[in-house]
Amino acid sequence: LKYQAKQQGKNRIGVKQEAIRVLRIPSPVTIGRDDETNWCLAQLKDHNTIFIAGAVGIGKTRLVLEIKDRLNTQILGRGNSYEALSSVAFHPFRNMFNELINKDFVLVQQTVKRLVDVYQSELAKLLPLENLMQASHTEELDKYRLYHAVSEFIAKLSETVYPGSTVLFLDDLHWADRPSCELLDFLMRSIKQNVKILGTYRVEEIDNSPLSDYWGIWARERLHVQIALTPLSEEQSNQLLEAIMGAVPTLAAKTIYQESGGNPFFIEEILTEFHRMRKLYWDGHEWVFMKGMTVSIPQTIEETIKRKL
C-alpha cells in the first residue's frame, strides 16, 4: 500500500491514505513484540508456565494471543480475575468453566463424565450444576481432591480439543484470590507437558496480593519464568499508528508518542478520542489531523492513572 503525507489548507494537516478509511482499533497486527514472543516460545520448550508482567495497556494479553498463534494452537480455557470478585474463592477458574460451558456445553459434559465419580463430585463445587452432573452430597471442600479433579479435567479436555500443545490463559492474576493461587500452584506442578500456562499481571498492583506470596517458592523450585513488557519505542509507536490508519505526519506522531509514553492502549485511546472530538477525521479522501491540535487525556486513561496513584 502507498501512503503520502502532505500539508493541506490553512488549519489542518492532511494524510492521504489509499486503503484504510476506518481506524483499525485494536491494531490488526502486533507491533514491537517480536523479541518477547521469540523469547517466550524458546522458554516454553523447557518450562510449562510463563508469567507476563507489565503496566495496564502495555500489551500483555496481546502477547499471549501472539504466542498462541505462533504455536499454531488454541486457548483451551481463559480465566479472568476481577477486582470486584477478589474475595470470591476460585473466581478465575469459575469464570473459565462458565465460559467453557457457554462455548461447548456438550464437550464439557462429556469430559466430566470421563472422570471418576469422586472427581466429578469435587468439580460440582466449581462448575454450574444445571443439566451437567449430579450435585454432590458432600458439602465439605476437599482441596486436595478438588485440585486433582481440576487437573484431570484440564488434561482430558486438552486431549479432546487439541492433542498437541494448548494454552491455559489466566489473566489479571494480581486480582486472583488465595484459593485460586493455591490451585494454580498445584497445576503448575501437575499439569501435563502439552498444556502451557500463560498468566498476566500488572506490576503496579501485585504488591500485597495473594499471588506475591508465591514468587519466592516458584523461583526456588524453577516452576516458571517471567518477562516484563516495556513501552514501545518511538519507531514502534509510529509503526502502530501506521497499522491503525496509515502514514501519520511527523508532528502528530511525535505528539501522540509523547502523550502516550509508548503505551499501546494509550495510543489507541488517544486516536479514538481525537476521532470522537473531530480532531482527526476521514474527509472522503484522506485522514486529517487538525493543525495545532492539543491532546486532552481520554477519561479511560485518566481512570487508569488514578488507579496507579
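Starting from 1, each residue takes its place in the sequence as its number. Since the model is a prediction, treat every value here as computed from it, not as a measurement.
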[X] side chain to [Y] backbone, donor-acceptor under 3.5 Å:
{"X": "S180", "Y": "A176", "result": "no"}
{"X": "H91", "Y": "Y82", "result": "yes"}
{"X": "Q120", "Y": "L115", "result": "yes"}
{"X": "T166", "Y": "Y162", "result": "no"}
{"X": "R62", "Y": "V29", "result": "yes"}
{"X": "K196", "Y": "T49", "result": "no"}
{"X": "N102", "Y": "N98", "result": "yes"}
{"X": "D177", "Y": "S86", "result": "no"}
{"X": "T73", "Y": "S165", "result": "yes"}
{"X": "S237", "Y": "S233", "result": "no"}

Quick check on side chain to side chain donor-acceptor pair (under 3.5 Å): which of K60, H174, Q226 does Y201 satisfy it with?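 The side chain to side chain donor-acceptor pair (under 3.5 Å) with Y201 is passed solely by Q226 among K60, H174, Q226.
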side-chain contact (heavy atoms from CB on, under 4.5 Å) for I52 and V64? Distances and angles first, verdict last. CA-CA 8 Å; I52 301 168; V64 170; 3.7 Å; yes
Exercise: do S151 and S190 side chains pair donor with acceptor under 3.5 Å: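 There is such a pair (donor and acceptor under 3.5 Å, judged by atom type) between the side chains of S151 and S190.
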Distance check, rounded to the nearest 0.5 Å: [X] atom [atom1] versus [Y] atom [atom2]?
{"X": "I191", "Y": "L168", "atom1": "CD1", "atom2": "CG", "answer": "6.5 Å"}
{"X": "S81", "Y": "L211", "atom1": "OG", "atom2": "CG", "answer": "9.0 Å"}
{"X": "F51", "Y": "L223", "atom1": "CZ", "atom2": "CG", "answer": "9.0 Å"}
{"X": "T272", "Y": "F266", "atom1": "OG1", "atom2": "CZ", "answer": "13.0 Å"}
{"X": "N48", "Y": "R189", "atom1": "CG", "atom2": "CZ", "answer": "13.0 Å"}
{"X": "K279", "Y": "R276", "atom1": "NZ", "atom2": "CZ", "answer": "9.5 Å"}

Non-hydrogen atoms of [X] and [Y] that approach each other most closely:
{"X": "T200", "Y": "F169", "value": "CG2-CE1, 3.7 Å"}
{"X": "K125", "Y": "D142", "value": "NZ-N, 4.1 Å"}
{"X": "D213", "Y": "R178", "value": "OD2-NH2, 2.8 Å"}
{"X": "P179", "Y": "F90", "value": "O-CE2, 3.4 Å"}
{"X": "C40", "Y": "L63", "value": "SG-CD2, 4.4 Å"}
{"X": "G57", "Y": "N263", "value": "O-OD1, 2.9 Å"}

Is there side-chain contact between [X] and [Y], with at least one heavy-atom pair below 4.5 Å?
{"X": "Y147", "Y": "L184", "answer": "no"}
{"X": "M188", "Y": "W218", "answer": "yes"}
{"X": "Q109", "Y": "K113", "answer": "yes"}
{"X": "T255", "Y": "I270", "answer": "no"}
{"X": "S158", "Y": "N194", "answer": "yes"}
{"X": "V118", "Y": "R145", "answer": "yes"}
{"X": "I197", "Y": "L187", "answer": "yes"}
{"X": "L241", "Y": "I267", "answer": "yes"}

L127 and side chain to side chain contact (heavy atoms under 4.5 Å, CB included): which partner among V150, L100, I101?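 When V150, L100, I101 are each tested with L127, the side chain to side chain contact (heavy atoms under 4.5 Å, CB included) holds only for I101.
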State which residue, out of E182, H148, E122, fulfils the side chain to side chain contact (heavy atoms under 4.5 Å, CB included) condition with K143.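 By the side chain to side chain contact (heavy atoms under 4.5 Å, CB included) criterion, K143 pairs with just one of E182, H148, E122: E182.
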Do [X] and [Y] belong together in a cluster built from hydrophobic side chains that touch within less than 4.5 Å?
{"X": "M96", "Y": "L85", "value": "no"}
{"X": "V225", "Y": "L71", "value": "yes"}
{"X": "I31", "Y": "L65", "value": "no"}
{"X": "I58", "Y": "L198", "value": "yes"}
{"X": "Y257", "Y": "L271", "value": "no"}

Intermediate values then yes/no, salt bridge (Lys or Arg N to Asp or Glu O under 4.0 Å), R70 and E66: CA-CA 6 Å; R70 296 276 192 96; E66 185 70 14; 3.3 Å; yes
Looking at W287 versus F274, is the centre-to-centre ring distance below 6.0 Å?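 No: the rings miss the under 6.0 Å criterion.
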Salt bridge [X]-[Y], side-chain N to carboxylate O under 4.0 Å:
{"X": "R114", "Y": "E152", "result": "no"}
{"X": "E159", "Y": "K156", "result": "no"}
{"X": "R78", "Y": "E99", "result": "no"}

Can you establish whether the number of heavy atoms outside E221 located under 6.0 Å from its atom CD is more than 12?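 Counting other residues, nucleotides and ligands, CD of E221 exceeds 12 neighbours.
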Given the ring of F97, does R94 sit roughly above its face, with NZ or CZ under 6.0 Å from the centre of the six-membered ring and within 45° of the axis?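 Here R94 fails the 6.0 Å and 45° test against F97.
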Check the pair V248 / N238 against side-chain contact (heavy atoms from CB on, under 4.5 Å), numbers first and verdict last. CA-CA 8 Å; V248 177; N238 293 342; over 6 Å; no
Evaluate the side-chain hydrogen bond (donor to acceptor under 3.5 Å, both in side chains) criterion for residues N80 and W175: first the C-alpha distance (whole Å), next the side-chain angles of each, then the deciding distance (0.1 Å), finally the verdict. CA-CA 9 Å; N80 294 313; W175 286 326; over 6 Å; no
Run the numbers on K254 and E234 for side-chain contact (heavy atoms from CB on, under 4.5 Å), then give the verdict. CA-CA 8 Å; K254 184 173 289 292; E234 187 169 0; 3.0 Å; yes
Start with the C-alpha distance between I206 and L173, add both sets of side-chain angles, then the distance that settles side-chain contact (heavy atoms from CB on, under 4.5 Å), and finish with yes or no. CA-CA 8 Å; I206 195 64; L173 283 168; over 6 Å; no
